[in-house]
There are 2 protein chains.
Amino acid sequence: MSGSVAIIGLGPGDPRLLTGAAQAALDAAEDLIGYIPYVARVPERAGLRRHASDNRVEVDRARHALELAASGRRVAVVSGGDPGVFAMAAAVFEAVEAGDPAWRHLPITVEPGITAMLAAAARLGAPLGGDFCALSLSDNLKPWDVITARLDAVLRADLVVALYNPISSARPWQLGAALSLAAGIRAPETPVMLARAVSRPDENIRVLTLAQAREAPADMATLVIIGASATRLIQRGPELRPYVYTPRSVPEAEPA
Amino acid sequence: MSGSVAIIGLGPGDPRLLTGAAQAALDAAEDLIGYIPYVARVPERAGLRRHASDNRVEVDRARHALELAASGRRVAVVSGGDPGVFAMAAAVFEAVEAGDPAWRHLPITVEPGITAMLAAAARLGAPLGGDFCALSLSDNLKPWDVITARLDAVLRADLVVALYNPISSARPWQLGAALSLAAGIRAPETPVMLARAVSRPDENIRVLTLAQAREAPADMATLVIIGASATRLIQRGPELRPYVYTPRSVPEAEPA
């Protein structure tokens with residue numbers, strides 16, 4: 001029997017946010033490969049070998065998956081969220097391109113998942129209701145001046161901005177720098193949402209202004225959404241978090 | 001018993017791409033509201049009233065959902081893909097803000113779904129592996145000069161660009177104009193992917209160059225992905241579509 005690789009999105013955490021196709025691919029796997037906390041989300045069962053590894057070894061992990069598949073195993077590579085969004089899918093295809101030409105003929109499938117910005121947006125209302133972008137703030141893999149040039153461009157173009165990997169112990173200042181850049185372009189009252197661990201037991205969602213967000217703590221598990229100029233709050237009284245949404249319409253510019 | 005609104009993402013089409021939470025919300029609904037083809041995807045059952053409506057009446061549909069919920073009904077509003085991405089969630093919150101203040105106290109939940117760009121990316125490989133954006137090309141709700149200014153900005157910032165609503169019978173020229181703008185900024189060999197009806201029986205996925213895409217037909221059900229400068233193809237021989245991916249890394253600029 002010939003092997004295969006399924007690159008599977010586990011969604012934000014709650015197993016009810018997994019797709020049926022992702023669950024079926026997990027059920028069919030013989031080997032489970034991924035970053036420790038993602039592998040830990042998949043229940044143990046007979047016949048499933050688990051290979052959990054630390055972060056920052058994505059390409060080693062990808063090669064391991066391809067080697068196992070080439071030896072005839074049905075391999076599942078798991079990512080949180082969607083595997084194609086700042087996650088394992090690109091690492092696997094990098095390894096395919098650089099590796100054994102025979103790997104190009106392995107069956108490799110990607111099972112999409114609910115990425116963090118969609119999960120956060122759903123909890124908040126509809127903050128991504130207009131045009132939006134997803135940027136990683138990590139400068140481990142790209143120069144910081146590329147990140148700031150991209151952020152500047154999308155802020156000036158008035159897109160809603162979802163920031164992945166906003167901060168970590170090794171990258172403590174990048175989110176502050178990004179919000180400072182935003183404060184030079186967008187109004188201080190612009191809604192900024194910090195969505196941490198959405199759908200997990202330690203979920204914590206904050207709706208702030210841009211000015212407040214610059215003083216707010218965040219961590220690796222936080223997804224940051226910076227509203228566009230049209231992004232609005234609907235207040236619901238002191239007990240309830242406001243809804244946040246971005247209208248679908250952009251009005252015609254006023255004549256100068 | 002008090003009513004509620006669940007705004008539910010049905011994903012790209014294949015029921016196996018629905019989340020468990022979205023399925024549970026469908027199962028709990030008493031009234032089903034949405035655009036005709038999305039309502040048609042939900043199997044009929046006893047106790048479920050169906051209210052399918054034509055496109056372009058999103059706010060009427062949203063108000064109808066809120067009125068039914070206010071009268072005590074458990075209402076499901078369905079969208080294809082994710083309801084927060086160019087779909088019904090923003091329309092519902094627009095109606096909440098403009099409508100009866102009591103609507104702010106209705107339980108309104110959003111169940112995220114696999115949006116078209118994630119479904120298309122999963123089929124192709126990992127084209128969204130770097131920074132990316134999602135833009136709607138429809139000028140029904142925003143001026144065309146806003147669309148072109150945004151497109152110009154994200155193309156120059158070297159983001160991967162996912163274009164929603166690229167074309168319709170009433171908007172026949174916008175996709176051609178957008179690709180023409182792209183051709184002024186990105187190389188003619190830039191990969192451009194046209195992903196139609198992903199996961200449905202009439203799925204059709206084409207991997208082209210930017211130059212070829214300018215001559216290729218597309219329709220309302222097509223999602224267009226314009227690669228960034230680093231987006232690459234992995235050829236697999238004449239029988240198989242190449243994999244498409246965008247590496248996670250952006251190299252340091254060469255010294256001038």
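Convention: sequence-line order gives letters A, B, ...; per-chain numbering from 1. Values below: every heavy atom of this structure, side chains too, minus hydrogens, waters and symmetry copies.
Heavy atoms of P242(B) lying under 4.5 Å from chain A are absent altogether. Contacts between Y245(A) and chain B at a heavy-atom distance below 4.5 Å involve the side chain alone, from C-beta outward. Proximity to chain B (any heavy atom under 4.5 Å) is shown, for A121(A), by neither the backbone nor the side chain. Using a 4.5 Å cut-off between heavy atoms, M117(A) contacts chain B through its side chain alone, with no backbone atom that close. Residue L137(A) does not touch chain B at all, counting heavy-atom pairs closer than 4.5 Å. Interface residue L135(A): backbone and side-chain heavy atoms are both found under 4.5 Å from chain B. At a 4.5 Å heavy-atom cutoff, I147(A) makes no contact with chain B through either its backbone or its side chain. In this structure, chain A has no heavy atom under 4.5 Å from any part of R156(B). Residue contact with chain B, scored on non-hydrogen atoms closer than 4.5 Å, is absent for A162(A). Of the atoms belonging to D158(A), heavy atoms from both backbone and side chain fall under 4.5 Å from chain B. Contact annotation for P251(A): only backbone heavy atoms (N, CA, C, O) come within less than 4.5 Å of a heavy atom of chain B. With a 4.5 Å cut-off on non-hydrogen atoms, Y243(A) touches chain B through its side chain but not through its backbone. L233(A) touches chain B through its backbone: at least one of N, CA, C or O sits under 4.5 Å from a heavy atom, while the side chain does not. Interface remark: T246(A) contributes backbone atoms only to the contact with chain B (heavy atom separation under 4.5 Å).
A distance-only check finds a donor-acceptor pair linking the side chain of S79(B) to the backbone of M88(B) [under 3.5 Å]. No donor-acceptor pair under 3.5 Å is formed between the side chain of R232(A) and the backbone N or O of P191(A). Looking at R104(B), its side chain does come within 3.5 Å of a backbone N or O of Q235(A) through a donor-acceptor pair. T19(A) places no side-chain N or O within donor-acceptor distance of the main-chain N or O of L17(B), the cut-off being under 3.5 Å.
Between chain B and the residues A90(A), A149(A), P15(A), the largest count of heavy-atom pairs under 4.5 Å involves A90(A). When A22(B), P12(B), P127(B), P112(B) are compared by the number of non-hydrogen pairs under 4.5 Å with chain A, P112(B) comes out ahead. Annotation: maximal heavy-atom pairing with chain A below 4.5 Å, among V160(B), I7(B), D14(B), I114(B), occurs at I114(B). Note: A122(A) leads A122(A), G20(A), A157(A), C133(A) in heavy-atom pairs under 4.5 Å with chain B. Heavy-atom pairs under 4.5 Å with chain A were tallied for A91(B), G237(B), A119(B); the largest tally goes to A91(B). When each of D82(B), L118(B), V110(B), D131(B) is checked for heavy-atom pairs under 4.5 Å with chain A, D131(B) comes out on top.
Comment: E203(A) engages R123(A) in a salt bridge, judged by a side-chain N to carboxylate O separation of less than 4.0 angstrom.
The closest side-chain donor-acceptor pair between Y164(B) and S138(B), if any, does not fall under 3.5 angstrom.
Under a cutoff of 6.0 Å and an axis angle of 45°, R248(B) and F86(A) do not form a cation-pi pair.
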